[in-house]
Undergrad: 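Sharing a structure, written as structure tokens. Questions coming.
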2 protein chains.
Amino acid sequence: MAGNTSVPGATVVARTIALLAAFDEEHPRLTLTELSQRADLPLTTTHRLVNELTKAGALTRTSSGYVVGQRLWQLGTLAPVQTDLRRLASPFLHDFYAGTLATVHLGVRDKLKVLYLDRVSGQRSVPVVSDIGSHLPLHATGVGKVLLAHAPEAVRREAMKSLDRITPYTITQPAQLKAQLDRVLTDGYATTYEEMSIGGCSVAVPIWQDETVVAALGVVVPSLKRDKVRLVSGLRVAAHGIGRSLSSRRSGTR
Amino acid sequence: MAGNTSVPGATVVARTIALLAAFDEEHPRLTLTELSQRADLPLTTTHRLVNELTKAGALTRTSSGYVVGQRLWQLGTLAPVQTDLRRLASPFLHDFYAGTLATVHLGVRDKLKVLYLDRVSGQRSVPVVSDIGSHLPLHATGVGKVLLAHAPEAVRREAMKSLDRITPYTITQPAQLKAQLDRVLTDGYATTYEEMSIGGCSVAVPIWQDETVVAALGVVVPSLKRDKVRLVSGLRVAAHGIGRSLSSRRSGTR
DNA sequence: GGTAGGCTTCCGCTGAGTGGAAGGAAGCCG
DNA sequence: CGGCTTCCTTCCACTCAGCGGAAGCCTACC
């Protein structure tokens, strides 16, 4: 489109995506200059594109920078993760929370991370890092271990390459993690013991839709000593219910 | 960018937005051809743009068409309506629901519609049309009336021009609606009586953040005869709590 | 095996997009 | 109060990214 492009070959769509990708959990609000730096685009170009996105409602300008606009939020509500999984799972999460008062999570695998789709927690629950829409490592969360255990072999291998230590109890030995993942497949649930945050343990089970694990359901509690069996069976009931709801809705999804 | 453009003056960003805007509640899944028709773009152009969006994760291709991708959903979670309003309001909605078992709604005004940000409902609740992310008319919903009453005069005038009839009880006379909106300002709450759906009445109150109405909170019940006073005071407590949470968080928002 | 519907590839033309430079605007500091 | 910094906006000439018609491809259905 333009003659004097600094990086020929880059398309407008790619630049636009780069701008949007500049927003993340740590940077939900960015100034024009920050956007231009994070997207690695000249200020002028950023200005033009951002203006247009703002006019369209994709971004909103505030006194302290640009934020993601309502229009994009609304588009997000049309994504299958929201319309199918999250909407159907929500009542099950709430029922489970009501029975245990422990923080409940719904997550899917997004490449080599867990993407948290929903969370129900209260005042008394163990404080947790995860928020809706946030990404956490696969190897240090209950939900993550379940998803990784059921992931294709290539993904498992790739994930093993970067087992970052988060707490002293995080599993960083590939062999140890592999053994755990194999047990997840046979046992049907995964656990963590202070591997993501001190004082927080978790159990998680897979959610099946027609032979495939599409998501995982987990709880975070201070300790697993007493309640593990009870939690696992409760999670299984909920996960089974979610899976059935999923299958009975539109089936021609993939 | 291109010499032989059918509609000169249209930018790539505008075309891309048009493509994304082709998705809505009734059309969360579209084929390439449908996208090209709904966005009013040549098939070839659509193909190129959609391919790029898919590569970037903004859209996902399924066997039966394209859907909004995880990447866009995640971006949406960074919007202030989600991070601020919805996240802070969620516990209040749940508390209120637990106490009344009536469907609770959180909404903001988006131009001349209500945009529903959250909804908590159960099995026994009155069935309602609204879903998270959906748009409903301002004049036929409790939440909408509150938001319209507190909207700028220009918006009120504009909204008065199209008072579509939805049920036999929908208010379609501008004068009658105006009188109601004035009462909303003095009373501090709005009501509807089967104006949106038969068998459903609603009450709603504004949520204030520093002198400004930023959202509205409402319930839907089968009848208002008995419980109106109790519901209004409960809603006010919740709305006040949400408003205070909002003010105490980041203040440099606008 | 015909044909209809949807998707993909090809390719020459050109104006939309580019980004440096210069010009505000707003805030801070000595 | 004038200079300095930071951030945003406007201007403009150059040119290649984007455009879209045409043709080809692949299922699926009759």
Side-chain angles (χ1 to χ4, degrees), chain A residues 1-23 27-56 58-69 250-254, chain B residues 1-23 27-56 58-69 250-254:
Chain A
M1 40 192 54
N4 46 348
T5 313
S6 59
V7 185
T11 66
V12 179
V13 173
R15 287 158 203 256
T16 308
I17 299 277
L19 278 175
L20 295 179
F23 291 95
H27 307 84
R29 184 182 304 267
L30 296 166
T31 67
L32 190 64
T33 310
E34 286 167 343
L35 271 164
S36 108
Q37 284 162 358
R38 287 175 61 82
D40 201 21
L41 292 173
L43 184 62
T44 312
T45 303
T46 307
H47 180 249
R48 186 167 14 85
L49 294 179
V50 165
N51 257 6
E52 210 167 350
L53 288 170
T54 306
K55 247 193 310 176
L59 299 179
T60 303
R61 190 173 184 178
T62 71
S63 62
S64 55
Y66 291 88
V67 292
V68 174
R250 347 167 167 173
S251 37
T253 302
R254 303 234 150 208
Chain B
M1 38 191 53
N4 47 347
T5 315
S6 60
V7 184
T11 65
V12 178
V13 173
R15 286 159 204 256
T16 308
I17 299 277
L19 278 176
L20 295 179
F23 291 95
H27 308 84
R29 183 183 304 266
L30 296 165
T31 66
L32 189 64
T33 309
E34 285 167 344
L35 271 165
S36 110
Q37 284 162 358
R38 287 177 60 83
D40 201 21
L41 292 173
L43 183 62
T44 311
T45 303
T46 308
H47 178 250
R48 188 168 12 84
L49 295 179
V50 164
N51 258 6
E52 210 166 351
L53 289 170
T54 305
K55 248 192 309 175
L59 299 179
T60 303
R61 191 173 183 176
T62 71
S63 62
S64 55
Y66 291 88
V67 292
V68 174
R250 346 167 167 172
S251 37
T253 302
R254 300 242 150 202

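Residue numbers begin at 1 in each chain, while the letters A, B, ... track the order of the sequences.
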Undergrad: Is there a side-chain contact between Leu53(B) and Ile17(A) in this structure, where contact means two heavy atoms from C-beta onward sitting under 4.5 Å apart?
TA: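 SC-SC contact between Leu53(B) and Ile17(A) confirmed.
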Undergrad: OP1 or OP2 of dG20(D) sitting under 4.0 Å from any side-chain N/O of Thr45(B)?
TA: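 Yes, because at least one side-chain N or O of Thr45(B) sits under 4.0 Å from OP1 or OP2 of dG20(D).
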Undergrad: Determine the contact category for Leu43(B): base if any of its heavy atoms lies under 4.0 Å from a base atom, sugar-phosphate if only primed atoms, P, OP1 or OP2 are that close, otherwise nothing.
TA: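 Since a base atom lies under 4.0 Å of Leu43(B), the category is base.
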Undergrad: Taking only N and O in the side chain of Arg48(B), is any of them less than 4.0 Å away from OP1 or OP2 of dC7(C)?
TA: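 No.
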Undergrad: Where the side chain of Thr44(A) is defined as all heavy atoms beyond and including C-beta, which of dG19(C), dT9(C), dG18(D) is the nearest nucleotide?
TA: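 Among the listed nucleotides, the one closest to the side chain of Thr44(A) is dG19(C).
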Undergrad: When the distance from CG of Leu35(A) to P of dT6(D) is rounded to whole Å, what number comes out?
TA: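 Whole-Å distance recorded here is 19 Å.
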Undergrad: With respect to the phosphate group of dC7(C), does any side-chain polar atom (N or O) of Thr33(B) fall under 4.0 Å of OP1 or OP2?
TA: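 True: Thr33(B) side-chain N/O within range (under 4.0 Å) of dC7(C) OP1/OP2.
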Undergrad: Would you confirm whether Arg29(B), through its side chain, and Val67(B), through its main-chain N or O, come within 3.5 Å as a donor-acceptor pair?
TA: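 Flag not set: sc Arg29(B) to bb Val67(B) has no pair under 3.5 Å.
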Undergrad: Glu34(A) or Val13(A): which one's nearest nucleotide on DNA chain D is closer to the 5' end?
TA: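 Result of the comparison: Glu34(A).
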Undergrad: What is the distance, rounded to the nearest whole Å, between atom CG of Leu49(B) and atom C1' of dG20(D)?
TA: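 To the nearest whole Å, that distance equals 12 Å.
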Undergrad: Kindly determine whether Thr31(B) and Tyr66(B) satisfy side chain to side chain contact (heavy atoms under 4.5 Å, CB included), including the steps that lead there.
TA: CA-CA 6 Å; Thr31(B) 66; Tyr66(B) 291 88; 5.9 Å; no
Undergrad: Could you tell me if the side chain of Glu34(B) sits less than 4.5 Å from the side chain of His27(B), heavy atoms only?
TA: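 Heavy-atom side-chain distance check fails, nothing below 4.5 Å.
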Undergrad: The side chain of Val12(A) lies closest to which of these nucleotides: dT8(C), dG19(C), dG18(D)?
TA: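 Output: dG18(D).
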Undergrad: dC11(D), dC7(C), dC10(C): which one has an atom nearest the side-chain heavy atoms of Arg61(B)?
TA: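 Out of dC11(D), dC7(C), dC10(C), the nucleotide with an atom closest to Arg61(B)'s side chain is dC7(C).
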Undergrad: In whole angstrom, what separates Arg15(B)'s CZ from dG15(C)'s C1'?
TA: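 Taking CZ of Arg15(B) and C1' of dG15(C), I get 11 Å after rounding.
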Undergrad: Using OP1 and OP2 only, check whether a side-chain N or O of His47(B) sits under 4.0 Å from dT8(C).
TA: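 Checking dT8(C) against His47(B), a side-chain N or O does come within under 4.0 Å of OP1 or OP2.
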Undergrad: So, the side chain of Thr45(B) versus the backbone of Leu41(B): is there a donor-acceptor pair under 3.5 Å, distance only?
TA: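 Not at all, since once roles are kept as given, no pair shorter than 3.5 Å links the two residues.
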Undergrad: Starting at CG of Asn51(A) and ending at P of dT18(C), how long is that distance when rounded to a whole Å?
TA: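 Asn51(A) atom CG is separated from dT18(C) atom P by 13 Å.
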Undergrad: Measure from the side-chain heavy atoms of Thr31(B) and tell me the nearest of dG17(C), dC7(C), dG20(D).
TA: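 That would be dC7(C).
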Undergrad: Rounded to the nearest angstrom, tell me the gap between atom CG in Leu41(B) and atom P in dC19(D).
TA: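 About 8 Å, once rounded to whole Å.
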Undergrad: Can you measure Leu30(A) atom CG to dC7(D) atom C1' for me and round it to whole angstrom units?
TA: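 After rounding, the reported distance stands at 14 Å.
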Undergrad: Check the distance between dC26(D)'s C1' and Leu32(B)'s CG and give it to me in whole angstrom.
TA: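 It is 15 Å, rounded to the nearest whole Å.
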